[in-house]
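So that the names make sense, note that chain A is the first sequence line, chain B the second, and so on, each numbered from 1. Worth saying up front: this structure is predicted, and the values here are computed from it rather than measured.
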Protein chains: 2
Amino acid sequence: MSDVAYDRLYDDITGGKLQPNERLIELDLARELGISRAAVRNALIRLEQEGLVKREPNRGARVRLVSEEEAVEILEARMALECVAVRHAALNRTPEDIDELRALLSKMEDHLKRGDLLAASDVNGQFHRRLIEIANHSTISRLLKMLNSQLIRFQYRTILTPGRPPSSLAEHRAIFEAVAAGDPDAAEKAMRTHLSRVAKALKQTAAEARSP
Amino acid sequence: MSDVAYDRLYDDITGGKLQPNERLIELDLARELGISRAAVRNALIRLEQEGLVKREPNRGARVRLVSEEEAVEILEARMALECVAVRHAALNRTPEDIDELRALLSKMEDHLKRGDLLAASDVNGQFHRRLIEIANHSTISRLLKMLNSQLIRFQYRTILTPGRPPSSLAEHRAIFEAVAAGDPDAAEKAMRTHLSRVAKALKQTAAEARSP
DNA sequence: CTCCGGGAAATCGTTGACAATTATGTTAAC
DNA sequence: GTTAACATAATTGTCAACGATTTCCCGGAG
């Protein structure tokens with residue numbers, strides 16, 4: 001029963017239905033989901049550990065607001081971990097994996113040609129997630145799931161940056177080529193340049209948001 | 001009240017008082033700590049998220065057993081993150097920080113000369129922890145805390161490896177020099193070689209434990 | 001008009017009890 | 001002697017209620 005609350009809240013927070021800093025009142029959520037308050041409480045504790053929720057003693061829980069600085073921090077950590085993951089992916093990948101990644105890449109290309117940036121961002125997420133599955137590294141996988149869930153709000157912003165879509169596609173293609181070739185060094189390098197450019201784009205949009 | 005249970009269990013697990021795979025019965029713990037079962041339950045949920053405890057539906061919680069493979073995984077993730085952290089440390093460090101690190105290093109040297117490996121291992125932990133504090137990177141700090149707590153059982157083994165102590169000291173000294181010099185590239189490189197050698201030592205002792 | 005205090009409402013923290021599930025032990029049949 | 005079925009115990013899952021804390025609102029004094 002606690003899982004119900006967890007899944008629901010997870011989706012609502014990462015999906016944007018719940019705004020940052022919005023209060024999460026145990027009783028309300030319990031009534032809404034038709035479960036007990038204790039179950040909601042447990043879900044909130046789990047979400048707090050994952051960094052999606054902030055709980056303060058006697059003051060309840062809120063959707064955690066991820067500051068720009070923190071977003072950069074998270075991206076930095078993610079870069080370090082995802083570079084290791086992509087190395088493993090380059091060594092583990094099967095021919096089927098390569099086909100799947102290629103398919104995702106061409107799907108992404110289609111969306112970009114059609115100008116559908118949100119769909120492209122979606123495929124982008126799938127591409128990265130698939131790479132991590134291929135890496136088959138449970139620890140890194142666990143950590144990256146945490147980090148990514150906190151970044152979703154920012155993630156779909158970066159691809160909206162002017163001029164970003166075509167280079168993003170090229171960067172992903174470079175990652176794909178290296179993984180397909182089974183070259184961990186090249187894969188890591190490609191991933192590193194990709195994510196550092198995402199970070200750069202993020203900083204840029206953040207700066208623009210501050211002084212428009 | 002839940003924090004009491006959390007702190008106690010955390011210390012007992014990382015301190016080795018509770019053996020891996022040992023059952024953690026909510027009611028017993030609650031009585032022992034003089035608190036309610038719900039508080040214990042909350043603590044167990046938090047510990048599960050941190051990877052110290054494994055909970056199975058309707059079958060209770062156990063101290064999580066970290067396999068050798070997983071220890072290597074964790075070490076790999078830790079390497080990636082700590083390399084980033086040490087870069088920041090090299091850029092952020094103040095003169096006081098340098099003095100502190102130098103003091104820790106000489107303390108470590110003393111312990112090794114005296115042959116007190118456990119004390120040396122302790123200072124080793126302090127050294128790494130201090131570096132992370134200096135890095136001032138909340139996200140990486142959070143992740144590393146999780147990873148390290150799972151490794152403590154293995155950590156003090158690696159320095160016991162024959163021939164390891166002197167090279168370990170040299171590796172730490174290299175990290176220190178780079179951080180003191182404010183050279184992030186050198187710091188990262190030094191940290192990387194250090195941790196890869198720790199991983200190598202870990203694999204070696206693990207192999208020996210398998211076939212003595 | 002502003003600021004301070006008091007009281008009510010809202011919400012969280014904690015507890016104990018009950019239901020549901022899994023583990024254990026015992027007996028009987030083969 | 002071994003296994004199957006059953007009863008019993010141990011443990012977790014769920015819930016509703018009570019007490020504690022914070023927040024909010026309102027009236028009165030300055």
Exercise for the section: Tell me yes or no: between the side chains of Thr193(A) and Glu171(A), is some donor less than 3.5 Å from an acceptor? Expected result: no
Exercise for the section: Evaluate the ring planes of His194(A) and His128(A), with Trp represented by its six-membered ring, and classify them as parallel (under 30°), tilted (30 to 60°) or perpendicular (over 60°). Expected result: parallel
Practice task
Could you tell me whether Glu26(B) and Arg31(B) have a side-chain N and a carboxylate O separated by less than 4.0 Å?
Solution key: no
Handout entry: Note: Asp99(A)-Arg93(A) ion pair, threshold 4.0 Å (strictly below)
Key = no
Handout entry: Whether over 12 other heavy atoms sit under 6.0 Å from Met1(A) CE
Key = no
Handout entry: Electrostatic pair Glu48(A)-Lys54(A), nearest N-O below 4.0 angstrom
Key = no
Which atom pairs link the protein and nucleotides 19-22 of chain D when you take only N or O atoms and keep those under 3.5 Å?
none

Fill in the blank from the handout: Note: chain B reaches DNA chain C at heavy-atom distances under 4.0 Å over the stretch, first to last nt, 5' to 3', of dT14(C) to dA23(C)
Fill in the blank from the handout: Sorted by number, residues from residues 37-53 of chain A placing a heavy atom under 4.0 Å from DNA chain D are Arg37(A)
Handout entry: Neighbour count above 12 (heavy atom, 6.0 Å) for Glu69(B) CD
Key = no
Practice task
With rounding to the nearest 0.5 Å, note down the distance linking CE in Met108(A) to CG in Leu101(A).
Solution key: 12.5 Å
Handout entry: Side chains of His88(A) and Asn136(A), donor plus acceptor under 3.5 Å
Key = no
Completion exercise
Residues pairing under side chain to side chain donor-acceptor pair (under 3.5 Å) where one sits in residues 6-19 of chain B, two or more places apart or in two chains, turn out to be Tyr6(B)-Glu50(B), Arg8(B)-Asp12(B), Arg8(B)-Glu32(B)
Handout entry: Results of side chain to side chain donor-acceptor pair (under 3.5 Å) for Arg87(B) - residues two or more places apart only
Key = Asp185(B), Glu188(B)
Problem - Salt-bridge criterion met for Asp97(B) and Arg130(B) (N-O under 4.0 Å) - result: yes
Completion exercise
Here the residues of residues 18-31 of chain A within 4.0 Å heavy-atom distance, strictly under, of DNA chain C are Arg23(A), Leu24(A), Ile25(A), Glu26(A)
